[in-house]
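Down below is the structure, laid out as structure tokens.
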Amino acid sequence: FLWPRLTLIAARKFGVRSFASEDKNLTVKLTANGKIMGSCLDLPAGSDINFEVTISDPDEPNADYDLVLIRGEVKPQRRDNLHRLMASDGVIETDERNGNGAVSFSTTTAGHPEFFYVRVTQDKDDRTWTAPVWINYPRTGAPLAAGEDTWAWSASSSSKVYHHDWCRVVVTISPQNVQTGATPPEGRTLHDCKRPAEPQH
């Protein structure tokens, strides 16, 4: 699900929002509920999210495009149970277009940290990837009710603390080392947890 890294790619920006393309003249812009790609939206589960993809290539105004909306979950995996994620695992909608213009997608949010991006293929050849739109990431919201807390900690024996799962330090723990559970680990103390900064809208 990671945004692809290519050796021959033209990367351009809308402000600080970027995309990557194998066609030097192709421009692709993604918005979600009116927010430009790269934004983080704080939305409860079941919220409507409407995407618009705008395509422009002045050199090939009559090109054919295949568009794919891809969804991913922001969730670390344990080393002993790793699952290789492919972009195809997250495909939730596809569409086609001829020539410059816009294509719309829509879906609903899951309520947990996730992201969406769009892959555009021009004439079955050149590919372009938008920057992601982040939903509920970094994690926000109030702590769970008493008795329903979920804790997170590093598997490293050198660590002597554990965290609320919403603590901003948790995302800095490498995915292969993060451990979670409803019961804190013995012999460790609770970190002075700080919530992530609120997303900028």
In this structure, is the centre-to-centre distance between the rings of His164 and Trp151 below 6.0 Å?
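Ring-ring flag for Trp151/His164: true, centres closer than 6.0 Å.
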Give me the atom names and distance for the closest heavy-atom approach of [X] to [Y].
| X | Y | answer |
| --- | --- | --- |
| Pro113 | Asn136 | CG-O, 3.3 Å |
| His191 | Cys167 | ND1-SG, 3.7 Å |
| Ala131 | Tyr117 | O-CB, 4.1 Å |
| Gln122 | Asp23 | OE1-OD2, 2.9 Å |
| Arg71 | Ala110 | NH2-N, 3.6 Å |
| Asn100 | Ser56 | OD1-CA, 3.4 Å |

Would you call [X] and [Y] a side-chain contact if the rule is heavy atoms closer than 4.5 Å?
| X | Y | answer |
| --- | --- | --- |
| Thr180 | Asp165 | no |
| Thr189 | Lys160 | no |
| Val120 | Ile55 | yes |
| Lys124 | Asp66 | yes |
| Leu190 | Val161 | no |
| Glu93 | Thr107 | no |

Can you tell me how far [atom2] of [Y] sits from [atom1] of [X], rounded to the nearest 0.5 angstrom?
| X | Y | atom1 | atom2 | answer |
| --- | --- | --- | --- | --- |
| Arg188 | His163 | CZ | NE2 | 8.5 Å |
| Trp129 | Ser21 | CH2 | OG | 8.5 Å |
| Thr128 | Leu67 | OG1 | CG | 10.0 Å |
| Leu69 | Ile92 | CG | CD1 | 4.0 Å |
| Thr130 | Lys29 | OG1 | NZ | 12.5 Å |
| Ile36 | Leu30 | CD1 | CG | 7.0 Å |

Would you call the rings of Phe116 and Phe51 parallel, tilted or perpendicular if under 30° counts as parallel and over 60° as perpendicular?
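Ring orientation, 0 to 90° scale: tilted.
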Check each of Val103, Asn98, Asp57, Asp123 against Tyr65 using the side-chain contact (heavy atoms from CB on, under 4.5 Å) test, and report the only one that passes.
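Option passing the side-chain contact (heavy atoms from CB on, under 4.5 Å) with Tyr65: Asp57.
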Identify which one of Val28, Ile70, Val53 satisfies the side-chain contact (heavy atoms from CB on, under 4.5 Å) criterion when paired with Val118.
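It is Val53, the one option of Val28, Ile70, Val53 that forms the side-chain contact (heavy atoms from CB on, under 4.5 Å) with Val118.
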Okay, side chain of [X], backbone of [Y]: is any donor-acceptor separation there less than 3.5 Å?
| X | Y | result |
| --- | --- | --- |
| Arg119 | Thr121 | no |
| Thr109 | Ser47 | yes |
| Gln179 | Ala155 | no |
| Asn62 | Gly99 | no |
| Asn33 | Asp48 | yes |

